[in-house]
Amino acid sequence: QVRLVESGGGLVQAGGSLRLSCAVSGRGFSRYIMAWFRQAPGKEREFVAAITWIDSIIYAGDFAKGRFFIFRDSAANTMYLQMDSLKPEDTAVYYCAADQVAIPESRTESYSHWGQGTQVTVSS
């Protein structure tokens, strides 16, 4: 079993920055595709970005390009989401996800492992 634990959420002002962390443990995650999703109240969970653990190949949703940056630290067994120029519409619970294949990478159904989420709130 792969375990994912998110952290780093909080309250920030519009235009501010926040870095989320996803600590990974378990067998086989070094071959996994890892991803960030977010979900606001009353809305569907949406894809933010994904990265392959071994090759650091990155996939990103259009809204995230230029503001959000996904990367991982293999030595620390941690994946990160750096969020800059935050907007109120970025307010959501952010989830870490993982899967062996994750095709297509932008679909929630592609991931078999999920964290519990971390709340991000952006004030205007």
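Only a predicted model underlies this, so the values are computations on that prediction, with no experimental measurement involved.
Note: S21 OG to Q82 CD = 9.5 Å, rounded to the nearest 0.5 Å. The CE atom of M34 lies 8.0 Å from the CD1 atom of I70; values are rounded to the nearest 0.5 Å. Rounding to the nearest 0.5 Å places CD of E46 at 14.0 Å from CZ of R107. Rounded to the nearest 0.5 Å, atoms CG (L86) and OG1 (T121) are 11.0 Å apart.
No more than 12 heavy atoms of other residues, nucleotides or ligands shown are found within 6.0 angstrom of CD on Q116. Within 6.0 Å of the CD atom in Q100, the count of heavy atoms belonging to other residues, nucleotides or ligands does not exceed 12. Few gaps surround CD on E89; more than 12 heavy atoms of other groups in view lie less than 6.0 Å from it.
Ring to ring, F47 and F37 are close: their centroids are under 6.0 angstrom apart. Taking the six-membered ring for Trp, F29 and W53 have ring centres closer than 6.0 Å.
Qualifying side chain to side chain donor-acceptor pair (under 3.5 Å) partners for N77, counting only residues two or more places apart in sequence or in other chains: none. Residues that satisfy the side-chain contact (heavy atoms from CB on, under 4.5 Å) test with S123, not counting sequence neighbours, are L11, Q13. Scanning for salt bridge (charged side-chain N to carboxylate O under 4.0 Å, His left out) contacts around D62 gives K65, with sequence neighbours left out.
Y32 and Y111 sit in two unconnected hydrophobic clusters of ILVMFWY residues. Membership requires side-chain heavy atoms under 4.5 Å apart, directly or through other members. Clustering ILVMFWY residues whenever any of their side-chain heavy atoms sit less than 4.5 angstrom apart, transitively, puts V2 in the very cluster that holds L81. There is a path of hydrophobic side-chain contacts, each under 4.5 Å, that joins I58 to W36. Side-chain heavy atoms closer than 4.5 Å link hydrophobic residues (I, L, V, M, F, W, Y) into clusters, and following such links, even through other members, never connects L20 to Y95.
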For a side chain to side chain contact (heavy atoms under 4.5 Å, CB included) check, start with the C-alpha distance between M83 and Y94, then their side-chain angles and the critical distance, and finish with the verdict.
CA-CA 11 Å; M83 302 185 293; Y94 284 71; 3.7 Å; yes

Take T91 and Q119, measure what side chain to side chain contact (heavy atoms under 4.5 Å, CB included) needs, and give me the verdict at the end.
CA-CA 8 Å; T91 296; Q119 177 71 48; 4.0 Å; yes

Does Q1 form a side chain to side chain contact (heavy atoms under 4.5 Å, CB included) with R27? I'd like the steps, not just the answer.
CA-CA 6 Å; Q1 288 286 328; R27 297 183 62 187; over 6 Å; no

Could you go through the side chain to side chain contact (heavy atoms under 4.5 Å, CB included) check for F68 and V48 one step at a time?
CA-CA 8 Å; F68 293 5; V48 178; 3.6 Å; yes

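The two residues S124 and A14 have their closest heavy-atom pair at CA-CB, 4.4 Å. Considering every non-hydrogen atom in both M79 and A35, the closest pair reads CE-O, 3.5 Å.
Under the 3.5 Å distance criterion, the side-chain polar atoms of R38 are left unmatched by any main-chain donor or acceptor of V93. With hydrogens and angles disregarded, no donor-acceptor distance shorter than 3.5 Å links the side chain of D55 to the backbone of T52.
Residues L18 and V120 are in side-chain contact: their nearest non-hydrogen atoms beyond the backbone lie under 4.5 Å apart. Side chains of H113 and R3 form no contact here, defined as non-hydrogen atoms less than 4.5 Å apart. Side-chain contact between T118 and S7 is absent, with no heavy-atom pair separated by less than 4.5 Å.
When hydrophobic side chains of Ile, Leu, Val, Met, Phe, Trp and Tyr are connected at separations under 4.5 Å, I103 ends up clustered with V101. Here Y80 is tied into one hydrophobic group with F71, each link being a pair of ILVMFWY side chains closer than 4.5 Å. Applying the under-4.5 Å side-chain rule to Ile, Leu, Val, Met, Phe, Trp and Tyr, the cluster around F69 consists of that residue alone.
Looking only at atom types and distance, the side chain of S17 has a donor-acceptor partner in the side chain of D84 under 3.5 Å away. Using a 3.5 Å distance cut-off with no hydrogens or angles, the side chains of D99 and S110 do not pair a donor with an acceptor. For the 3.5 Å distance criterion, the side chains of R72 and S56 qualify, holding a donor opposite an acceptor.
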